[in-house]
Amino acid sequence: MSATKTLFDKVWDSHVVHKIQDGPDVLFIDRHMVHEVTSPVAFLGLKNRNIPVIHPEKTFATADHNTPTINQHLPVADPLSANQLRMLEENVNKHGISYWGLGHEKNGIVHVVGPEYGITQPGATIVCGDSHTSTHGAFGAIAFGIGTSEVEMVLATQCIMQPKPKRMRININGKMSRGVTPKDVALFIISQLTTSGATGYFVEYAGEIFTDMSMEGRMTVCNLSIEMGARGGMIAPDEKTFEYVKGREFTPKGAGWDKAMAYWETLYTDEDAIFDKEMTFDGSLIEPMITYGTNPGMGMGISNDIPMASAVQGGATTYQKSLKYMAFNEGDSMMGKPIDFVFLGSCTNGRIEDFRAFASIVKGRKKATNVTAWLVPGSHKVEAAIKEEGILDILIEAGFELREPGCSACLAMNDDKVPSGKLAVSTSNRNFEGRQGPGSRTLLASPLVAAAAAVTGKVTDPRELMEEMVAG
Amino acid sequence: MAYDKFNILTSTAVPLPLENVDTDQIIPARFLKATERVGFGDSLFRDWRYNQDNTPKEDFVLNQDRFSGKILLGGKNFGSGSSREHAAWAVYDYGFRCVVSSFFADIFRGNCLNVGVLPVQVSAEFLQKIFDATAADETTELEINLPEQKITLLTTGESESFDINGYKKNNMLNGFDDIDYLLNIKKDIETFAENTPL
C-alpha cells in the first residue's frame, strides 16, 4: 500500500473515529462555530433528548447573520431577529459556550472572527452551520458547512457522519495581473468549473498564485469553494500561515505550540499523492471578473460580453430565465451599465485587505450620487484596523460611511436589503435571485471593481482608475 | 428529529424543470428566523410562488392545480448554495417525501437524508423522460422503491436503479437518525478526543 497522501487525506484520516461499512465515516470535529440562525433547532433537539453539549470548550458562538449594521447599541427592532438572538444567548449560557454577541468587542462574522482569534488552526476539522465555513481551509484545515441536524450531532457528540469526499487539486501558476485580486481568481475558477463542477470533491489549491497570496486572500479563495459545489477547499500551511496564527488568543502557547507545530509541519501533499481530479490554469491570464447572471458560475472578464445561450453549457431555458431576471441580453457588454448599490463586506471580502483595496480606488474621488453604498466590516477588529490605518478618513472624504459588523446585505436577513429591480455590485458570494433582497439584482465582483463602480456609478474596469505602477 | 419511515412510495410528481435551483429559492433567507421547526412549507419557493403582495403567481407549478404529489422533480444541480437545512425542512413540511434530479448539491443531499426526504439521482435521460411524461399527463405515477433502490415510471414500466449507502438506507427505512448512532459510540469518541493534537 502506498504511503503517499494528500494534505486532505492526512487531516481527514487522522480525525476518523469509526469507519462504517457501506456508510459514512464518523469524523471528530476540533472546532465548532455556531451562529443564531442555524442553531436554535439543534439546541432544541438537545433539550428534547435531555443531553448536554459535550465539549463547550470546542464550541464558539457569535451573532452575525441577523444583526443590524447600524445602531447596534439599541435593542434589535425586528422581533423575530431579536428572538433568535435571545435564544442563542440563552442556549450558550445554559451550556457554557463562549459567546461574542452583538456589542461584544470581538463580535463579527463567524468566518472572520475565527481566524482573527486563533480558533482556526492548521490541520483542524472545523464545522459550522454555514456553507462558507470553507473559508477556514485557507489555514490547511478541513472546514465545511453543515445542516442543523449535524449541528446537533456535533453539539451532542463532537462528531458528524460524512462519506469521505473525492480529492481535486486546482493548480494555478503565474502572477496575478494588475487589478486582479484573489476574488477574481476564485470567480475565474468557478466560471470555468460551473457551480457544480466540484460537487463531491474537496479541493486543494496549489501553485504560485496561492502561495503568493496573503492569508486574507487565501481565505477569500477558500470561502468561495462551495460556489463550485465543493464541500471545501484548502491550502497547505506555510510560514505565512504559522506567522498569522502565532500569538493569537486561542492559538497554543509554549509546549502546546511546539506540539502543534510538529503536527502542522506534516501538513502538505506528498509528492506522488494521487488526486481523483486535477485542473490547471494559467494565472497570468485571469482578468478582473464580474458576474452577469444568477449563480456565481455565470462570471467573465469584466471587458467581455455576456455569452450567447448557444455558447454555454447546460439548459438554454435556465440560462435565459437567469438573464431575464437580470434584465440583460445575450451579447451585452457589462461595462458602463448603471448601478444603484455597492456592497463591500461579507465573509468573502469583509477583511482589512478588502477595505485597503477599496480605499485605494476611492481615495481622492467622490462617491457617485446615484449610488447607495454599504461598507460593512467583517468584525470589530477589522473596523478598528480601518480606523487605525486612516482608511476611514479616506472613505469619509470620498463621501462614504462605515457601518457596524455583520453578514448584512450578503443574505439580507436584516434591514440591509437591495430594493426590487435595483442593481448592486457586491463583494459577497452569491448572486442568486433575491439573495440581497426580493427582486434584487447582484453583480459579484472584487473590492476594486466595487470601488470603481461606487465612484463612477456604473460598471467600470478598475484598471482605468488605478495609478500606474512604478516599475521597480 | 423523527421523520416518517420510507419504504415504497407511489405518487404523482410535481415538475420543476430548471437547473441550479439554489436553496435561496427553495427558502429565502428572510424566512429563516424561526426557532422551531414548524411551518416552513408555507415558504417553500416563496419568491417563485408568490408576488411581493403575497398573491400567488399563477404560472408557478405549485400554484397549478393539475400538479400534485409527494415527489418533486428538479433539474441538474438541485439544492446548490447555502447549507440551510430549512430548505429540506420546507420540502418535507410541504408534503414532499422524495426529490428526483439528475444531480444534487452535496449539503442539500445530506440534509434531505437527515430529515426524511429521499434524494433520488437518475440519469439526465431518465429525468427527461419523467419530465416529458408528467408534462403530457399529470396523473403519471412514479414508484420509488427504497428496499430495491429502484425508480419506475409506472405508465411505461421503465425503471432505473439509484444509489444510497447501506447505512443511510437503513436509517430511512426505519426512521433512525445519526445522533442515535453517535450517542451509542460515545465512549469511543471520548477516548479518541483525548488523543487529538488540537
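Every chain is numbered from 1 and lettered A, B, ... according to where its sequence line falls, protein lines coming before strand lines.
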Quick check on [X] against chain B: is it the side chain, the backbone, both or neither that has a heavy atom closer than 4.5 Å?
{"X": "A/S39", "answer": "neither"}
{"X": "A/I226", "answer": "side chain"}
{"X": "A/L88", "answer": "neither"}
{"X": "A/V17", "answer": "both"}
{"X": "A/L80", "answer": "both"}
{"X": "A/P122", "answer": "backbone"}
{"X": "A/P438", "answer": "both"}
{"X": "A/V154", "answer": "neither"}
{"X": "A/N429", "answer": "neither"}
{"X": "A/Y263", "answer": "side chain"}
{"X": "A/M87", "answer": "side chain"}

Please rank [options] by heavy-atom pairs under 4.5 Å with chain B and give me the top one.
{"options": "A/E150, A/K259, A/R231", "value": "A/R231"}
{"options": "A/I54, A/T317, A/V151, A/I51", "value": "A/I54"}
{"options": "A/P40, A/G129, A/A262", "value": "A/P40"}
{"options": "A/T148, A/N295, A/T199", "value": "A/T148"}

Original post:
If we ignore angles and hydrogens, is there a donor and acceptor under 3.5 Å between the side chains of B/E85 and A/T38?
Top reply: no
Are any non-hydrogen side-chain atoms of [X] and [Y] less than 4.5 angstrom apart?
{"X": "A/S149", "Y": "B/V115", "result": "yes"}
{"X": "B/R30", "Y": "A/M413", "result": "no"}
{"X": "A/D78", "Y": "B/K33", "result": "yes"}
{"X": "A/R31", "Y": "B/L198", "result": "yes"}
{"X": "A/Q21", "Y": "B/Y167", "result": "no"}
{"X": "B/D47", "Y": "A/E433", "result": "no"}
{"X": "A/T157", "Y": "B/L183", "result": "yes"}
{"X": "B/N114", "Y": "A/M153", "result": "yes"}

For chain A, which residues of [range] have heavy atoms nearer than 4.5 angstrom:
{"range": "residues 86-109 of chain B", "answer": "B/H86, B/W89, B/F103, B/F104, B/A105, B/D106, B/I107"}
{"range": "residues 66-79 of chain B", "answer": "B/K76, B/N77"}
{"range": "residues 134-155 of chain B", "answer": "none"}

**OP:** Decide, yes or no, whether a salt bridge links B/D180 with A/R49 under the criterion of side-chain N to carboxylate O below 4.0 Å.
**Re:**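 A salt bridge links B/D180 with A/R49.
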So what's closer than 4.5 Å to chain A heavy atoms on [X]: side chain, backbone, both or neither?
{"X": "B/K186", "value": "side chain"}
{"X": "B/E36", "value": "both"}
{"X": "B/Q52", "value": "side chain"}
{"X": "B/P28", "value": "neither"}

Original post:
Of all of B/N20, B/N170, B/D178, which one pairs up most often with chain A through heavy atoms under 4.5 Å apart?
Top reply: B/D178
Subject >> Residue pairs involving residues 122-133 of chain A (criterion side chain to side chain donor-acceptor pair (under 3.5 Å); sequence neighbours excluded) >> reply: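 Of all non-adjacent pairs touching residues 122-133 of chain A, those that pass side chain to side chain donor-acceptor pair (under 3.5 Å) are A/D30-A/T125, A/H65-A/D130, A/H111-A/D130, A/S131-A/R430, A/H132-A/E227.
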